[in-house]
Asks: 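This is the structure I have questions about; it appears just below.
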Amino acid sequence: MNRCPEIITEYMHEYLDGEILPEHKNILTVHLKSCADCRQHFQELEKSIALVKSISHVQAPADFTQKVLMNLPKEKKKVSVKRWFSRHPVLTAASIFSIFMAASLLSHWSGDDFSVTKNPDLVIENNTAIVPEGETVTGDIVVKNGDIRIDGKVDGSVTVINGEIVNGESYMASAGQVKGDIVEINEAFEWLWYQMKHIFESTMNMLTGKE
Amino acid sequence: MDEFVKSRIKQVRKGDQNAFGEIVELYKDKVFQLCFRMLGNSHEAEDISQEAFIRAYINIERYNIDRKFSTWLYRIATNLCIDRIRKKKPDYYLDAEVAGTEGLTLYSQIPASQLAPDEEVSKIELQEIIQNEILKLPEKYRAVIVLRYIEELPLLEISKILDLPIGTVKTRIHRGREALRKQLRHI
């Protein structure tokens, strides 16, 4: 064995790695036929591999997965809700429908572009409609997502959605300058928003059977 | 199967623990076996393989979903095993000579399991012998031998698991094989 070239052992390992070149394999085969020591060495290597492979059938304990899951950090609540949805498709469809419905209602209210009724006498400044001093605006005015300042007079009603009447004065003062009604929809909007949120939440809780 | 694992991992990333349970089911035997053969006792093996799965869960964001999940998982498990082996390493070695004696090692003080010469070595005893020989390998050889012959993984994957060049993996496997050959040839 000692007189055999080191390279033969190298080839044995190349062979066992499944990466031997054909010419190396030929050299190895020829050598093993003639050298009993190397043949034995090679057989011992193969035998020890077979022995090691023979013990490779161990299974994890029966409660393994359960134990892992018990020791994980707590699951986020929204996930269990999601999983619940995927198991109850009909109710999921119903709740998606109600979400869309609520969303369309909301978008109607919460579009945040400033808009105001067209009127040549109105002056617009930074999301504020101004009725200039000395002017009288004829017709109803609707201001959305912005404020209105009334320095002059309005011959009609003023409706402010999502904004307010600013002039540092009280409604009473403004009221004198406006012939029609003054309506601010902020409160109504807030109330509606609250109602929708409330309905949505109780639906969710009912669906998930929690709280 | 890769697609199955990928879809589960996406759910796990959203925090779904049931999906992680399916992953554990899929790999628990492989990971447990790896730890068992590295550490040599089932109690520690269970401890470490549990830990490996929990770490995988906690660090799931760091896993690159385009790579093989098992490689990443084996890597966590192998590193934990190697850490454990290093920590519990005794400050004496069985094959160190006992002081004041000549050529007498601690091995010779352990009563050999007495077998009648012609008695067949039972299958369980044989398994214990093989396991013990694996445990005698230094951990760097032990890891490659276990990954190669117990888990039956290709060299390239072992090199990824251990983060070593493939040449180093080969050298270690060769040395590990030679060491095992010397220990196991008389069985």
Side-chain angles (χ1 to χ4, degrees), chain A residues 1 6-21 24 28 37-87, chain B residues 11 14-25 27-37 42 45-46 49-54 57-58 123 126-131 133-134 145-146 148-152 154-155 170-171 173-187:
Chain A
M1 167 80 213
E6 188 85 343
I7 198 74
I8 294 297
T9 321
E10 292 275 317
Y11 291 167
M12 287 183 200
H13 285 288
E14 283 180 8
Y15 176 83
L16 293 171
D17 287 339
E19 295 188 341
I20 192 164
L21 297 170
H24 292 176
L28 179 65
D37 282 346
C38 284
R39 205 158 54 232
Q40 195 192 342
H41 186 120
F42 186 65
Q43 282 164 357
E44 284 168 2
L45 282 172
E46 285 198 309
K47 179 182 164 187
S48 52
I49 292 169
L51 286 171
V52 170
K53 278 186 172 176
S54 75
I55 61 166
S56 65
H57 302 285
V58 179
Q59 284 184 342
D63 57 349
F64 189 89
T65 305
Q66 209 49 43
K67 271 193 188 168
V68 172
L69 292 181
M70 261 163 42
N71 289 316
L72 293 181
K74 251 196 148 191
E75 189 176 52
K76 294 171 206 152
K77 194 180 164 191
K78 65 169 191 184
V79 177
S80 52
V81 173
K82 256 190 213 160
R83 193 165 54 228
W84 185 92
F85 277 142
S86 66
R87 286 187 191 153
Chain B
Q11 283 173 279
K14 291 173 192 156
D16 188 339
Q17 300 197 336
N18 282 23
F20 192 68
E22 292 179 52
I23 300 234
V24 177
E25 274 298 312
Y27 293 108
K28 62 176 183 179
D29 290 337
K30 296 261 180 204
V31 172
F32 178 77
Q33 169 157 275
L34 169 67
C35 298
F36 183 65
R37 294 309 178 195
S42 58
E46 190 179 355
S49 40
Q50 287 270 333
E51 173 83 23
F53 279 110
I54 290 168
Y57 179 82
I58 293 170
K123 212 181 158 196
L126 180 62
Q127 294 205 351
E128 273 173 24
I129 292 168
I130 298 165
Q131 168 82 70
E133 296 307 335
I134 293 173
I145 290 292
V146 170
R148 184 78 182 98
Y149 291 117
I150 303 281
E151 302 288 342
E152 304 197 298
L155 294 173
K170 280 186 194 167
T171 311
I173 289 182
H174 297 181
R175 293 196 183 143
R177 274 199 294 246
E178 289 295 340
L180 285 172
R181 178 185 76 90
K182 281 174 195 144
Q183 293 159 0
L184 293 173
R185 66 188 188 195
H186 297 304
I187 287 177

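The sequence lines fix the lettering, A, B, ..., with proteins before strands; numbering per chain opens at 1. Hydrogens, waters and symmetry mates are skipped; everything else that's a heavy atom, side chains included, is used.
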Asks: Closest approach of B:Lys28 and A:Ala62, non-hydrogen atoms and distance?
Replies: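 For B:Lys28 versus A:Ala62, the nearest heavy atoms are NZ-O, 4.4 Å.
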
Asks: Quick one: CD on B:Gln50 to CG on A:Asn71, what's the gap to the nearest 0.5 Å?
Replies: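 Reported to 0.5 Å precision, the distance equals 6.5 Å.
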
Asks: Which residues pass the ring pair (Phe, Tyr, Trp, His ring centres under 6.0 Å) test with B:Phe20, sequence neighbours left out?
Replies: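 Applying ring pair (Phe, Tyr, Trp, His ring centres under 6.0 Å) to B:Phe20 gives B:Tyr57.
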
Asks: When only pairs under 4.5 Å are counted, which of A:Gln40, A:His57, A:Lys67 shares the most heavy-atom pairs with chain B?
Replies: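 Sorted descending by pairs with chain B, the first entry is A:Lys67.
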
Asks: Please flag which part of A:Glu19 lies under 4.5 Å from any non-hydrogen atom of chain B: side chain, backbone, both or neither.
Replies: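 Contact with chain B is through the side chain of A:Glu19 alone.
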
Asks: Please answer whether the main-chain N or O of A:Ala60 pairs with a side-chain N or O of B:Asp29 as donor and acceptor at a distance below 3.5 Å.
Replies: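 Judged by distance alone, yes, a pair lies under 3.5 Å.
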
Asks: Should A:Gln59 and B:Phe32 be marked as a side-chain contact (heavy atoms from CB on, under 4.5 Å) after you check the CA-CA gap, both sets of side-chain angles, and the distance that decides it?
Replies: CA-CA 7 Å; A:Gln59 284 184 342; B:Phe32 178 77; over 6 Å; no

Asks: Of the backbone (N, CA, C, O) and the side chain (C-beta and beyond), which part of A:Lys53 lies under 4.5 Å from a heavy atom of chain B, both, or neither?
Replies: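 Both backbone and side chain of A:Lys53 come within 4.5 Å of chain B.
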
Asks: Quick check on B:Ile23 against chain A: is it the side chain, the backbone, both or neither that has a heavy atom closer than 4.5 Å?
Replies: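 Contact with chain A involves no heavy atom of B:Ile23 at all.
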
Asks: Counting only heavy atoms from other residues, nucleotides and ligands, does the tally under 6.0 Å from CZ of B:Arg181 exceed 12?
Replies: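 Above 12, so yes.
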
Asks: Please evaluate residues B:His174 and A:Asp17 with respect to the criterion side chain to side chain donor-acceptor pair (under 3.5 Å), reporting the C-alpha separation (whole Å), side-chain torsions for both, the decisive distance (0.1 Å), and the verdict.
Replies: CA-CA 9 Å; B:His174 297 181; A:Asp17 287 339; 2.8 Å; yes

Asks: Identify, with sequence neighbours excluded, every residue that meets salt bridge (Lys or Arg N to Asp or Glu O under 4.0 Å) alongside B:Arg185.
Replies: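 Per chain and number, B:Arg185 pairs via salt bridge (Lys or Arg N to Asp or Glu O under 4.0 Å) with A:Glu44.
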
Asks: Under a 3.5 Å cutoff, is there a donor and acceptor pairing between the side chains of A:His13 and B:Glu178?
Replies: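 Their side chains do contain a donor-acceptor pair, which is all the 3.5 Å distance test asks for.
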
Asks: Quick one: do B:Ile134 and A:Ile55 satisfy side-chain contact (heavy atoms from CB on, under 4.5 Å)? Show the steps, please.
Replies: CA-CA 11 Å; B:Ile134 293 173; A:Ile55 61 166; 3.8 Å; yes

